[in-house]
Novice: 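The structure follows.
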Protein chains: 2
Amino acid sequence: MQHAIAIGKVSAATGVKVPTIRYYEQIGLLPPPPRTEGNRRTYDRKDAERLTFIRHSRELGFEIDQIRTLLSLQDRPDQSCGEADVIAKARLAEVKEKIASLLALEAELERMVEGCSHGRVETCQVIEILADHGKCRHHQHEQ
Amino acid sequence: MQHAIAIGKVSAATGVKVPTIRYYEQIGLLPPPPRTEGNRRTYDRKDAERLTFIRHSRELGFEIDQIRTLLSLQDRPDQSCGEADVIAKARLAEVKEKIASLLALEAELERMVEGCSHGRVETCQVIEILADHGKCRHHQHEQ
DNA sequence: CTACATCCTCCAGTGACTATAGGAGCAAGA
DNA sequence: TCTTGCTCCTATAGTCACTGGAGGATGTAG
C-alpha cells in the first residue's frame with residue numbers, strides 16, 4: 001500500500017489497457033487489489049511488475065493458461081524451472097513452424113501478385129490461383 | 001442439380017468441415033443450396049469449387065470480408081482485377097511483417113531456452129527475461 | 001461550484017469457427 | 001420388417017482474449 005497507483009497509471013506504466021487489467025483480475029491472472037474509500041482499485045509496484053510479465057509473455061505468444069503456470073513458477077523461486085523450459089521450448093517450436101508456413105505463404109502471394117496482368121479478372125492470376133488449388137505449390141499451413 | 005452432392009461428400013472433397021459449410025451459408029458466403037424431400041442440402045460441382053476457393057483463401061490468411069470481395073470479383077470476370085491485386089498486396093505486406101516479428105520472437109525464445117540452467121526458478125533465464133522487459137532486445141510485435 | 005477526467009459495474013460484441021443437445025432421414029444387414 | 005448405425009437437420013452456447021458501450025459514481029483543477 002506504499003505506492004497506491006490508480007488503474008490508469010498502472011495501465012500507462014505497463015502498456016496494458018485498463019479494461020484488459022480488469023479482465024485479467026476477473027480471470028484470476030492478477031489478484032484483486034485493495035480499493036480506496038471510493039471503491040477504486042489501487043495497485044503497487046509488484047502488481048505493475050506482474051502486468052509487465054504478463055504483457056511480455058503475451059507478446060511472445062504464450063497463452064493465458066501457460067502464463068498462469070509461468071506466474072506460479074515465478075511465485076515459488078525454489079522450484080525447478082523445468083516446466084518453464086518445456087513451455088518456452090514448445091512455444092519456440094510453434095514459432096519455427098509458423099515462420100516456415102508464413103514463408104511458403106509469402107512465396108505464393110508473391111507469385112500471385114507478380115502474375116497479375118492488371119487487366120480483366122478473366123486473366124488474373126490472383127483469382128486464378130485462389131480458384132484452382134492444383135496451381136499452387138504449398139499445401140500444409142494454417143493462418 | 002446434375003450432381004446432387006450431400007454435405008458430407010462436399011466436405012470430404014473440399015476439406016471444409018460440415019459445420020463450417022453451414023456456417024458459411026449462414027453468413028452469406030455460400031448460397032443456400034436446394035434441398036431434398038428430406039430437407040437435406042444438395043450441392044453441385046460449382047459449390048465445391050467455391051468452397052475450395054474459400055478454403056484456399058483462408059489458408060492464405062485472407063479475412064472473410066476480403067474473400068467476399070474476391071468471390072464477387074470472380075463472379076464478374078469482365079471487371080478489372082485491380083481490387084484483387086490490392087487485397088493480395090495488402091496481405092503480402094502483412095505476411096512480411098509477421099515473418100519479421102516472428103523472427104525477432106524466435107531469437108528471443110532461443111535466447112531464453114539456451115540461457116536456462118535447468119536449475120531453480122531463481123536463476124532461470126526464462127522467468128527472468130519474462131519478468132524484466134529491459135533484458136530483452138525486441139519491442140514491437142503482436143502475436 | 002463547475003467542468004471534465006477517470007473510475008465503477010454489467011453486459012454485449014468481435015472473428016471464425018466448434019461443440020452440444022435433441023431429433024429426423026436413410027441405407028444395409030438379419 | 002426391424003434394427004443398427006451413420007449422416008443429416010436446427011438451434012443454441014462456447015471458444016479465446018479481449019474490446020466497447022451504457023449509465024452512473026468519484027476525484028481534481030480552475
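To find a chain, count down the sequence lines: A is the first, B the second, and so on, and within it residues start at 1.
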Novice: Without decimals, in angstroms, what is the distance between A/Ile27 CD1 and D/dC16 P?
Specialist: 10 Å

Novice: A/Tyr23 OH to D/dG20 C1': how many Å, rounded?
Specialist: 15 Å

Novice: Closest-nucleotide mapping onto DNA chain D: is A/Lys17 or A/Arg40 further toward the 5' terminus? I mean the 5' end.
Specialist: A/Lys17

Novice: Think B/Arg35 has a side-chain N or O under 4.0 angstrom from the OP1 or OP2 of D/dT10?
Specialist: yes

Novice: Do B/Arg22 and D/dT10 share a donor-acceptor pair, side chain to base, under 3.5 Å?
Specialist: no

Novice: Phosphate oxygens OP1/OP2 of D/dC8: is one of them under 4.0 Å from a side-chain N or O of B/Arg41?
Specialist: no

Novice: Distance check needed: C/dC8 C1' versus A/Tyr43 OH, whole Å only.
Specialist: 12 Å

Novice: Applying the salt bridge (Lys or Arg N to Asp or Glu O under 4.0 Å) criterion to A/Glu106, which one of B/Lys98, B/Lys96, B/Arg91 satisfies it?
Specialist: B/Lys96

Novice: With a cut-off of 6.0 Å (strictly less than), are more than 12 heavy atoms of other residues, nucleotides or ligands near CD of B/Glu83?
Specialist: no

Novice: Rounded to the Å, how far apart are A/Glu63 CD and D/dT15 P?
Specialist: 14 Å

Novice: Output the rounded distance in Å from CG (A/Asn39) to P (D/dA25).
Specialist: 13 Å

Novice: Apply the side-chain contact (heavy atoms from CB on, under 4.5 Å) test between A/Glu110 and each candidate in A/Met112, A/Glu114, A/Glu108; give the one that qualifies.
Specialist: A/Glu114

Novice: If each of B/Phe62 and B/Gly38 is mapped to the nucleotide of DNA chain C with the nearest heavy atom, which maps nearer the 5' terminus, i.e. the 5' end?
Specialist: B/Phe62

Novice: Atom NZ of B/Lys9 to atom C1' of C/dA27: distance rounded to whole Å?
Specialist: 11 Å

Novice: Is the shortest side-chain heavy-atom distance between B/Ile27 and B/Arg68 below 4.5 Å?
Specialist: yes

Novice: Calculate the interatomic distance between B/Leu51 atom CG and C/dC17 atom P; express it in whole Å.
Specialist: 11 Å

Novice: Check every strand shown and say whether B/Glu37 touches a base, only sugar-phosphate, or nothing at a heavy-atom separation below 4.0 Å.
Specialist: nothing

Novice: Between C/dC17, D/dC9, C/dC8, which nucleotide gets closest to the side-chain atoms of B/Ile7?
Specialist: D/dC9

Novice: Quick one: is A/Thr36 getting a side-chain N or O under 4.0 Å of the D/dT26 phosphate, OP1 or OP2?
Specialist: no

Novice: Report the residue (B/Val18 or B/Gln26) whose heavy-atom-nearest nucleotide on DNA chain D is the more 5′ of the two.
Specialist: B/Val18

Novice: Respond yes when some side-chain nitrogen or oxygen of A/Thr20 is under 4.0 Å from OP1 or OP2 of D/dA17, and no when none is.
Specialist: no

Novice: Step by step, work out the salt bridge (Lys or Arg N to Asp or Glu O under 4.0 Å) result for B/Arg50 and B/Asp44.
Specialist: CA-CA 10 Å; B/Arg50 199 172 173 95; B/Asp44 59 17; over 6 Å; no

Novice: Would one find a side-chain N or O of B/Tyr24 under 4.0 angstrom from OP1 or OP2 of C/dC17?
Specialist: yes

Novice: How many whole angstroms separate atom CD of B/Glu25 from atom C1' of C/dA16?
Specialist: 17 Å

